[in-house]
Amino acid sequence: MKKIQVLDSFWLKVLAVIFMTIDHIGLLFFQRGTVDINTDFYILRAIGKLAFPIFAFLAVESAFKTTHIKRYLSRLFAMAIGLDIIGFLFGFIAGLTPDKNYLLGNPFWDLFLGVLAIDLLRKKNKYALFALIPVTLAVLSDVDVPFYGSLFKADWGTFSIVLFLCFYLFRILVDLYLKNKAVKDGLEPETYLIQSGQNVHNVSAAVALLSVELMFYLVWRMWYDCPFLPGDFVPIGTYGTLASLFFLLYNGKRGYDNKVIRICFYTYFPLHLLILGLLSMAFGVLA
């Protein structure tokens, strides 16, 4: 397993950024279609759906490894608020109602809510109950009202919080299994975690993603009164399952990291959306 673990956190982020950009190009420059989904739109957005699971995976890694969880949550919250402000301003300039504004509902809310839920659950005391708050807010992002859209402006909604919870649950179960196995073998509880912790965490995250994608796919098929087996159309979001392959390539290292690089990653999201949005308006696509 170690031989194929060639991607550190930096390169996983780079890949996720590339996938995200492809997704937004498809969203802002190609029409979905009224009856059938246009092929260009479908392909670009299917590729783009690999981005969020990778970002979520790295967010969970940060939640477990960082010693400054409050600082990390503050950055995610600030980005989520800032992007909402930009989105509302852009919608006002473009004359778009909130339900038609594709720049609202940024994924930083999903990341913030997911990391917050995990942090609260890890406390394993009365404060763990407060994890219900981010879970509820994420679910509300799938509840629409006329002319406003979702009640809470998160991008992935229920899917994202379920994914974060499964990442957490599967990781905890794996850690518990390895600790119990070490104790039964007469070793220190952390022995197997030290030896192969990253490998099994990668696998558990991949299994968690596959499980959540399958669950939501089956729910989608039942909602639209379709058989469980794939038909002529596969929901675009289902392709996010392929991100699990990149989890297995993760070596647990941070890679290139300094203040400038972190600022570049955080500022890229609003800047590329602003540029793509303005270009889309100029070409008359986003209107």
Give a yes or no on this: more than 12 heavy atoms of other residues, nucleotides or ligands lie within 6.0 Å of atom [atom1] of [X].
| X | atom1 | value |
| --- | --- | --- |
| Arg254 | CZ | no |
| Tyr268 | OH | yes |
| Lys253 | NZ | no |

Starting at [atom1] of [X], measure out to [atom2] of [Y] and round the result to the nearest 0.5 Å.
| X | Y | atom1 | atom2 | result |
| --- | --- | --- | --- | --- |
| Phe52 | Phe55 | CZ | CZ | 9.5 Å |
| Ile47 | Ile236 | CD1 | CD1 | 11.5 Å |
| Ile25 | Leu279 | CD1 | CG | 10.0 Å |
| Tyr266 | Leu83 | OH | CG | 11.5 Å |
| Leu89 | Asp84 | CG | CG | 10.5 Å |
| Asn258 | Cys264 | CG | SG | 8.5 Å |

Determine, step by step, whether Leu44 and Ile22 satisfy the side chain to side chain contact (heavy atoms under 4.5 Å, CB included) criterion, reporting the C-alpha distance in whole Å, the side-chain angles of both residues, the deciding distance to 0.1 Å, and the verdict. CA-CA 6 Å; Leu44 291 174; Ile22 292 173; 3.7 Å; yes

Note, [X] side chain near [Y] side chain (heavy atom, < 4.5 Å):
| X | Y | value |
| --- | --- | --- |
| Pro53 | Phe247 | yes |
| Arg262 | Asp257 | yes |
| Tyr250 | Phe57 | yes |
| Ile118 | Phe64 | yes |
| Phe29 | Phe41 | no |
| Phe159 | Asp142 | no |
| Phe170 | Ser211 | yes |
| Pro107 | Phe269 | yes |

Six-ring centre of Phe30, Arg45 cation under 6.0 angstrom, axis tolerance 45°: no

Quick one: does any side-chain atom of [X] pair with a main-chain N or O of [Y] as donor and acceptor, under 3.5 Å?
| X | Y | result |
| --- | --- | --- |
| Lys153 | Trp109 | no |
| Ser160 | Asp110 | no |
| Asp119 | Val115 | no |
| Ser74 | Lys70 | yes |
| Asn38 | Asp40 | no |
| Ser204 | His201 | yes |
| Thr136 | Leu132 | yes |

Same cluster (ILVMFWY, side-chain, under 4.5 Å), [X] and [Y]:
| X | Y | value |
| --- | --- | --- |
| Val207 | Leu173 | yes |
| Leu271 | Phe19 | no |
| Ile93 | Leu276 | no |
| Phe88 | Phe92 | no |
| Tyr239 | Leu210 | no |

Let's go through Val162 and Met215 carefully: what are the C-alpha distance in whole Å and the side-chain angles of both, what is the deciding distance for side chain to side chain contact (heavy atoms under 4.5 Å, CB included) to 0.1 Å, and is it a yes or a no? CA-CA 10 Å; Val162 172; Met215 178 173 59; 3.6 Å; yes

Is it true that Glu61 and Arg171 make a salt bridge, defined as a side-chain N closer than 4.0 Å to a carboxylate O?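 Yes, charged N to carboxylate O under 4.0 Å.
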
Does this structure show an ion pair linking Asp175 with Lys179, if we count only N-O contacts that are shorter than 4.0 Å? no

State, to 0.1 Å, how close [X] and [Y] come at their nearest heavy-atom pair, and which atoms those are.
| X | Y | result |
| --- | --- | --- |
| Leu28 | Gly277 | CD1-N, 4.0 Å |
| Lys49 | Gly237 | CG-CA, 3.9 Å |
| Leu209 | Ala243 | CD2-CB, 4.0 Å |
| Gly91 | Asn101 | CA-ND2, 3.3 Å |
| Ala138 | Ile161 | CB-CB, 3.6 Å |
| Ala182 | Glu188 | CB-O, 3.3 Å |

Output all residues satisfying side chain to side chain contact (heavy atoms under 4.5 Å, CB included) with Leu121, sequence neighbours left out; order by chain, then residue number. Ala131, Leu165, Tyr168

With a cut-off of 3.5 Å and sequence neighbours excluded, list every side-chain donor-acceptor pair involving residues 6-18.
unit_1	atom_1	unit_2	atom_2	d
Asp8	OD1	Phe10	N	3.1
Asp8	OD1	Trp11	N	3.0

For side chain to side chain contact (heavy atoms under 4.5 Å, CB included), just list the numbers for Gln198 and Asn251, CA-CA rounded to whole Å, side-chain angles, deciding distance to a tenth of an Å, and then say yes or no. CA-CA 7 Å; Gln198 191 60 59; Asn251 58 23; over 6 Å; no

Whichever hydrophobic residues join Val200 through chains of side-chain contacts under 4.5 Å: Val174, Tyr177, Leu178, Leu187, Tyr192, Leu193

